[in-house]
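Notes for the one structure printed next.
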Amino acid sequence: GRRHGQHSRRRGIQAPHQARRGERYRCGRCRVVGSGSEGDIVLAREFDGVDDFLNVASAVLTAYPFTFAGWAYVDTLTGSRDMVAIGDKDAAGDYWELSVNSATSKLRFRSAVSDVQSNAETTSNITTSAWQHWCAVGTSSTSRNVYLNAGSVGSNTTSSTPANLDPTRIGQRPSTGAGNQMDGKLAEIAIWSAALSVAEIEILADGYSPLFVRPGSLVAYWPLIGRTGPEIDIVGGNNMTVTEAVVADHPRIIYPAMPY
């Protein structure tokens with residue numbers, strides 16, 4: 001570990017003010033939010049597993065490379081649960097999604113074209129009733145990785161590029177009939193137009209805001225602080241209409257001073 005307040009480099013990355021896991025994060029250039037953090041108390045969004053979701057009518061992006069990332073607190077694994085997805089609302093089988101595979105209890109990054117599904121799955125299972133960091137990295141049409149808490153990486157190399165993408169959703173797959181409703185809490189959802197490195201994913205999984213990581217490629221970021229409707233994208237303006245999702249405790253996150 002490194003002393004808090006020092007800058008450090010992890011594989012060439014200018015990291016935020018590092019501290020050991022479990023230490024209190026205190027720095028004049030950072031602030032801590034989240035329940036029980038000694039910082040500002042903010043709220044996340046909770047989804048009921050039935051009909052709750054957030055939606056923006058446009059696709060935040062439509063091509064590789066990209067990264068999806070965020071924090072999830074899953075209540076049940078009895079169904080496939082989407083964190084974030086971009087899809088064709090008028091078709092059943094064209095989308096990218098980061099979700100739970102209910103058959104295996106693992107985290108899944110799926111690319112689907114005309115309902116032909118190409119899946120990358122983590123090597124470890126998702127844990128219920130605990131905040132965990134989820135991340136999907138699409139480097140190209142033949143290179144997709146998925147990470148649980150910056151590890152347990154799973155890969156898929158089948159060529160797959162969905163077409164006619166329009167809505168971006170949190171907590172539900174955007175397709176005809178929708179589905180894959182999240183049952184649990186979500187926070188800190190972000191999308192980059194770049195394939196993040198493992199070192200960058202580790203920074204996110206250590207509890208740092210997406211604003212610290214590759215900001216020039218950050219195209220959408222919904223902290224899901226639970227105080228606004230629509231939920232604001234503080235980077236790209238892709239504000240999301242809220243359907244039913246209620247406020248809930250937010251995980252402990254380190255932000256730059258006053259990001260919003």
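Heavy-atom basis, side chains included; hydrogens, waters and symmetry copies ignored.
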Closest non-hydrogen atoms of Val153 and Tyr147, given as atom of the first, atom of the second and distance, are CG2-CE2, 3.5 Å

Nearest heavy-atom approach of Ser141 to Thr161 is CB-OG1, 3.3 Å

Q.
Quick check on the hydrophobic clustering: are Val235 and Val60 connected, directly or via other members, by side-chain heavy-atom contacts under 4.5 Å?
A. no

Correct closest heavy-atom pair for Pro167 and Gly87 would be CD-O, 3.0 Å

Closest heavy-atom pair, Ala245 versus Arg45, reported as atoms and distance to 0.1 Å, is O-NH1, 2.8 Å

> Is the side chain of Trp131 donor-acceptor paired with the backbone N or O of Ala187 at a distance under 3.5 Å, no angle test?
Replying inline: no

(Q) With a 4.5 Å cut-off on side-chain heavy atoms, are Tyr95 and Gln117 touching? (A) yes

d(Thr122 OG1, Phe109 CZ) to nearest 0.5 Å is 13.5 Å

Between the CG atom in Asn101 and the CD atom in Glu121, the distance rounded to the nearest 0.5 Å is 4.5 Å

Side chain to side chain contact (heavy atoms under 4.5 Å, CB included) filter on Ser114, not counting sequence neighbours, yields Asp94

Are Leu148 and Trp71 in one and the same hydrophobic cluster, where Ile, Leu, Val, Met, Phe, Trp and Tyr link if side-chain heavy atoms are under 4.5 Å apart? no

Indicate whether the side chain of Arg81 and that of Thr76 have a donor and an acceptor atom separated by less than 3.5 Å.
yes

* To do: Apply side-chain contact (heavy atoms from CB on, under 4.5 Å) to the pair Asp75 and Glu46, showing each step before the final yes or no.
  => CA-CA 10 Å; Asp75 290 333; Glu46 185 162 10; 3.7 Å; yes

Tested for side-chain contact (heavy atoms from CB on, under 4.5 Å) against Ile191, the lone hit among Leu218, Thr67, Val219 is Val219

Closest non-hydrogen contact found for Arg108 with Val100 is NH2-O, 3.7 Å

Is the closest basic N to carboxylate O distance between Glu97 and Arg173 below 4.0 Å?
yes

In this structure, CG of Asn164 is separated from CG of Asp90 (nearest 0.5 Å) by 8.5 Å

All heavy atoms of Leu61 vs all of Ser193, minimum pair found to be CD2-CA, 4.0 Å

Checklist entry - With no hydrogens and no angle check, do the side chains of Gln132 and Tyr73 hold a donor and an acceptor under 3.5 Å apart? => result no

Please determine whether side-chain contact (heavy atoms from CB on, under 4.5 Å) holds for the pair Leu54 and Leu224, giving the CA-CA distance in whole Å, both sets of side-chain angles, and the decisive distance to 0.1 Å.
CA-CA 10 Å; Leu54 311 182; Leu224 301 188; 3.5 Å; yes

Checklist entry - Do side-chain atoms of Gln181 reach the backbone of Asp52 as a donor and acceptor pair under 3.5 angstrom? => result yes

Report yes if the side chains of Leu204 and Leu196 come closer than 4.5 Å at any heavy-atom pair, otherwise no. yes

In this structure, OG of Ser118 is separated from CZ of Arg144 (nearest 0.5 Å) by 5.0 Å

Q) Under the 3.5 angstrom rule, does the side chain of Thr168 hit a backbone N or O of Ser58 as a donor-acceptor pair? A) yes

Across all chains, not counting sequence neighbours, the side chain to side chain contact (heavy atoms under 4.5 Å, CB included) partners of Thr157 are none

Value for CE (Met182) from CZ (Phe47), rounded to nearest 0.5 Å, stands at 7.5 Å

For this session: Determine yes or no for a side-chain-to-main-chain donor-acceptor pair under 3.5 angstrom, with Asp233 supplying the side chain and Tyr221 the backbone.
Result: yes

### Message
In this structure, would Val84 and Leu165 fall into the same cluster of hydrophobic residues linked by side-chain contacts under 4.5 Å?
### Response
yes

Residues passing the ring-ring contact (aromatic ring centres under 6.0 Å, His included) test with Tyr64, sequence neighbours excluded, are Phe66, Trp96

- [ ] Measure the shortest side-chain to side-chain distance between Pro223 and Ile234 over non-hydrogen atoms and say whether it is less than 4.5 angstrom.
- [x] yes

- Start with the C-alpha distance between Phe68 and Ile86, add both sets of side-chain angles, then the distance that settles side-chain contact (heavy atoms from CB on, under 4.5 Å), and finish with yes or no. CA-CA 10 Å; Phe68 297 163; Ile86 301 175; 3.9 Å; yes

| message | With a 4.5 Å cut-off on side-chain heavy atoms, are Ile170 and Met240 touching? | response | yes

Going by the angle between their ring planes, with limits at 30° and 60°, are His250 and Tyr255 parallel, tilted or perpendicular? tilted

>> If hydrophobic clusters are built from ILVMFWY residues whose side chains come within less than 4.5 Å, do Val137 and Leu107 share one?
In response: no

So CD1 of Ile253 and CZ of Phe212: to nearest 0.5 Å the spacing works out to 10.5 Å

Linking I/L/V/M/F/W/Y whenever their side-chain heavy atoms sit closer than 4.5 Å, directly or via other members, would Ile232 and Leu186 fall into one cluster?
-> no

### Message
Does Ile126 form a side-chain contact (heavy atoms from CB on, under 4.5 Å) with Ser105? I'd like the steps, not just the answer.
### Response
CA-CA 6 Å; Ile126 291 170; Ser105 298; 5.7 Å; no

